[in-house]
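From a predicted model like this one, the values you see are computed outputs, not experimental measurements.
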Amino acid sequence: MATLAEVRALLGESRFNWSDPAPWIELERELGVEFPVDFHEVVDAYGSVLINNQLYLKHPARHLLHDLGTMIGRDLELWREEDMAEFLPSPVGANPGELMPVATATTGEAVFLRVPDDSSSSWRVVVQEFDSPAWTLYEMTFGEWLPAYLKGRDVTLCARDRAPDGPYYEPLP
């Protein structure tokens, strides 16, 4: 599994560096799911950011203008609509095998974490292309998927044309 150190080496030093677990505890209690540690670590390090002018990651602290809980709530509502649910490999939600929306892209993709079927399984990444019925399940954790994206590998989202001089990020207000 990739580490936060690898993400920092690719993306640059983080400046948010959140250490209070309260926003995660509140969000996870509300949703009935505990997010994977690698996702926590990256989001706590970088906060709510736009990576490569393409990928939005958001932190759960509710005082932020762009917070993860609000985004997840809106996306769960959207993807539960009958005409949207058909574009995903499984329902959205917090139950085993369901998809939890965790990021979006300016290019129209939605990034989900697939809730593991049991405690011995890992969370997996699913990316849905909003402008088509296509989706891809990546047999990798978020901590493996994000560095692949940052390295310019095609993981549905691709940074090669977005960051020709290397990955970068901008904090969201």
Side-chain angles (χ1 to χ4, degrees), residues 1-4 6-7 10-11 14 16 18 21 23-62 64-81 84-85 87-117 121-130 134-150 155-159 167 169-172:
M1 179 162 83
T3 64
L4 179 57
E6 182 180 7
V7 172
L10 293 164
L11 193 54
S14 57
F16 192 72
W18 189 272
W24 286 108
I25 292 168
E26 181 182 337
L27 178 61
E28 291 171 343
R29 188 177 305 129
E30 178 185 318
L31 295 172
V33 68
E34 189 173 323
F35 289 97
V37 172
D38 57 353
F39 183 67
H40 272 242
E41 288 178 346
V42 169
V43 172
D44 277 345
Y46 288 93
S48 293
V49 293
L50 177 60
I51 299 174
N52 298 334
N53 202 32
Q54 180 180 33
L55 179 65
Y56 287 103
L57 290 182
K58 297 180 181 178
H59 191 272
R62 300 234 185 231
L64 298 172
L65 181 60
H66 301 279
D67 73 277
L68 182 62
T70 300
M71 185 217 76
I72 288 175
R74 288 179 185 153
D75 284 359
L76 286 172
E77 188 176 315
L78 170 74
W79 290 105
R80 284 179 175 146
E81 292 178 13
M84 295 303 291
F87 295 109
L88 294 174
S90 58
V92 293
N95 294 316
E98 292 183 337
L99 305 176
M100 183 62 64
V102 295
T104 58
T106 59
T107 47
E109 296 84 2
V111 180
F112 299 85
L113 293 178
R114 185 182 180 279
V115 181
D117 292 323
S121 300
S122 297
W123 291 73
R124 297 295 181 221
V125 175
V126 172
V127 181
Q128 198 283 334
E129 297 180 56
F130 201 71
W135 55 267
T136 305
L137 169 65
Y138 292 94
E139 290 294 335
M140 52 179 64
T141 65
F142 183 80
E144 295 165 333
W145 181 87
L146 184 61
Y149 164 73
L150 295 173
V155 286
T156 306
L157 293 175
C158 190
Y169 73 96
E170 302 168 39
L172 296 175

Quick one: list whatever passes side-chain contact (heavy atoms from CB on, under 4.5 Å) with [X], sequence neighbours left out.
X: F130; answer: L78, W79, M84, Q128
X: A134; answer: E129, S132
X: H40; answer: W24, E28, F35
X: E139; answer: R124, L137

Which pairs count as side-chain hydrogen bond (donor to acceptor under 3.5 Å, both in side chains) when at least one residue sits in residues 105-114, sequence neighbours excluded?
Q54-T107, T107-E109, R114-D117
Working to the nearest 0.5 angstrom, can you tell me the gap between [X] [atom1] and [Y] [atom2]?
X: I25; Y: E34; atom1: CD1; atom2: CD; result: 9.0 Å
X: L157; Y: W145; atom1: CG; atom2: CH2; result: 4.5 Å
X: N53; Y: E170; atom1: CG; atom2: CD; result: 6.0 Å
X: I72; Y: E77; atom1: CD1; atom2: CD; result: 14.0 Å
X: D38; Y: M140; atom1: CG; atom2: CE; result: 12.0 Å
X: I51; Y: L150; atom1: CD1; atom2: CG; result: 6.0 Å

Does a side-chain heavy-atom distance below 4.5 Å link [X] with [Y]?
X: L172; Y: L50; value: yes
X: S48; Y: D67; value: no
X: L57; Y: F142; value: yes
X: P36; Y: T141; value: no
X: F39; Y: L68; value: yes
X: D75; Y: T104; value: yes

Determine the minimum heavy-atom distance between [X] and [Y], stating which atoms define it.
X: S90; Y: G97; result: OG-O, 2.9 Å
X: A94; Y: G32; result: CB-O, 3.9 Å
X: L55; Y: A103; result: CD1-CB, 4.0 Å
X: S14; Y: A45; result: CB-O, 3.1 Å
X: N52; Y: P167; result: OD1-CA, 3.2 Å
X: A148; Y: V155; result: CB-CG1, 4.0 Å

Residues that [X] engages under ring-ring contact (aromatic ring centres under 6.0 Å, His included), provided they are two or more places apart:
X: F87; result: none
X: Y169; result: Y46
X: W123; result: none

E144 backbone acceptor or donor facing Y138 side chain under 3.5 Å
no
Is the side chain of T156 donor-acceptor paired with the backbone N or O of V127 at a distance under 3.5 Å, no angle test?
no
Side chain to side chain donor-acceptor pair (under 3.5 Å) against [X], all qualifying residues, sequence neighbours excluded:
X: N95; answer: E98
X: R62; answer: E26, E30
X: S121; answer: D118

Which pairs with one or both residues in residues 89-108 pass ring-ring contact (aromatic ring centres under 6.0 Å, His included), sequence neighbours excluded?
none
Measure centre to centre between the rings of Y56 and H66, then say whether the value is under 6.0 Å.
no
Option from V49, L11, L4 for which side-chain contact (heavy atoms from CB on, under 4.5 Å) with V42 holds
L4
Candidate pair V102 and V43, rule side-chain contact (heavy atoms from CB on, under 4.5 Å), full reasoning:
CA-CA 10 Å; V102 295; V43 172; over 6 Å; no
